[in-house]
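Down below is the structure, laid out as structure tokens.
Hydrogens, waters and symmetry mates are skipped; everything else that's a heavy atom, side chains included, is used. Order of the sequence lines fixes the chain letters, A, B, ..., with proteins taken first and strands second; residue numbering starts at 1 for each chain.
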Amino acid sequence: MPTLATWNINSVRLRLPIVIDFLDQFQPDILCLQEIKCQNDQFPRKALEEKGYIHQAVHGQKGYHGVAILSKTPLTEISSRGFCDIPESRHISAMTDFGHGPVTVHNFYIPAGGDEPDPETNPKFRHKLDFLAEMSEWFDDLVFDARQIICGDFNIAPHENDVWSHKQLLKVVSHTPVETDALNGLLARRNWVDLVRQHIPIEEKLYSWWSYRAKDWDAADKGRRLDHIWATRDVAAKATNAQVVRPARGWSDKPSDHVPVIVGFGS
DNA sequence: ATGGCCCGTTTCACGGGA
């Protein structure tokens, strides 16, 4: 079955062994990575080629951020866009056909936003809101007669069942109303479908990130759903299942704090 | 119980993550 996955890997070089494990076990056609934390020439191209991901679109930078698309099928029209006039690597896109016709895949790493949810006092939060506003404008210019997928680490948990405690997180960056309203506005703007919630009921608690700071992330289970896969309606009509790979939070003694999210598209 | 950890870097301290 054609599948697409997204995973904030928090250093692709440090965690190459568990990326390989994931690819071996799940064999996605496409894997979108965020926070690769390396420059383009430091990306472990060869090891991933050897796993069959011979098509790679990498947009790295030194030390922080950075995104990449790994694919078994050819990638064309590879492109990255800057946001907020800041030279950070937070987006890369490519066109491919991994089973149901050509589709453009956009891989995003939306800014985290710092600690204080006040754009007047916290420039990082200002940046996050500006980034979302610019995404919204950019959506208006996207050609929507083509099939599109947008995925990545959006750093926002939009629904109350996307966090462990809605009440306790209302003033915590990632779940404040100004952020969730902005993300829901983006979703509605061009009729995107949240493929994960299309297949996993909104009544069910669902997380893709757990802090490193908890002593026992599994027992505490204070997670948030920050990682998303959206698609245009024509693509969404082909999606048949979604899963969040929760066990990956415990893979190796050095896991990422995010786990992979996967969507399957028919037989 | 509002602290607790983890990454890369012109490193023994910092910025950034969320």
Within a 6.0 Å radius of atom NZ on A:Lys171, are there more than 12 heavy atoms belonging to other residues, nucleotides or ligands?
no

Within 6.0 angstrom of A:Lys72 NZ, more than 12 heavy atoms from elsewhere
yes

Without swapping roles, check the side chain of A:Arg15 against the backbone of A:Pro255 for a donor-acceptor pair under 3.5 Å.
yes

Are A:His258 and A:Asp227 linked by a side-chain donor-acceptor pair shorter than 3.5 Å?
yes

Could you tell me whether the side chains of A:Ser174 and A:Arg224 share a donor-acceptor contact shorter than 3.5 Å?
yes

So what does [X] hit on the nucleic acid, given a heavy-atom distance under 4.0 Å: a base, only sugar-phosphate, or nothing?
{"X": "A:Asn8", "value": "sugar-phosphate"}
{"X": "A:Arg249", "value": "nothing"}
{"X": "A:Ser211", "value": "nothing"}
{"X": "A:Lys215", "value": "nothing"}

Could you name each residue pair satisfying salt bridge (charged side-chain N to carboxylate O under 4.0 Å, His left out) that touches residues 30-41 of chain A, not counting sequence neighbours?
A:Glu35-A:Lys37

Nearest-nucleotide 5' precedence on DNA chain B, A:Asn10 against A:Leu226:
A:Asn10

Taking for each residue the nucleotide of DNA chain B with the nearest heavy atom, is it A:His65 or A:Gln39 whose nucleotide lies nearer the 5' end?
A:Gln39

Show me the pairs that pass ring-ring contact (aromatic ring centres under 6.0 Å, His included) and involve residues 38-77 of chain A, at least two apart or across chains.
A:His65-A:Tyr109

Report yes if the distance between the aromatic ring centroids of [X] and [Y] is under 6.0 Å, otherwise no.
{"X": "A:His106", "Y": "A:Trp230", "answer": "no"}
{"X": "A:Phe154", "Y": "A:Trp192", "answer": "no"}
{"X": "A:Phe22", "Y": "A:Trp7", "answer": "yes"}

Could you tell me from which nucleotide to which nucleotide of DNA chain B, 5' to 3', there is an atom under 4.0 Å from chain A heavy atoms?
B:dG4 to B:dA18

Apply ring pair (Phe, Tyr, Trp, His ring centres under 6.0 Å) to A:Phe131 and list each qualifying residue two or more places apart in sequence or on a separate chain.
A:Phe83

Looking only at atom [atom1], what distance separates [N] and [M], rounded to whole Å?
{"N": "B:dA18", "M": "B:dA1", "atom1": "P", "answer": "28 Å"}
{"N": "B:dG17", "M": "B:dG4", "atom1": "C1'", "answer": "14 Å"}
{"N": "B:dC7", "M": "B:dT2", "atom1": "C1'", "answer": "23 Å"}
{"N": "B:dT10", "M": "B:dG15", "atom1": "C1'", "answer": "15 Å"}

Listed in order of residue number, which residues of residues 156-185 of chain A have a non-hydrogen atom at under 4.0 Å from DNA chain B?
none

Using a cut-off of strictly less than 4.0 Å between a heavy atom of the residue and any atom of DNA chain B, enumerate the qualifying residues of residues 107-131 of chain A by number.
A:Tyr109, A:Ala112, A:Asp115, A:Lys124

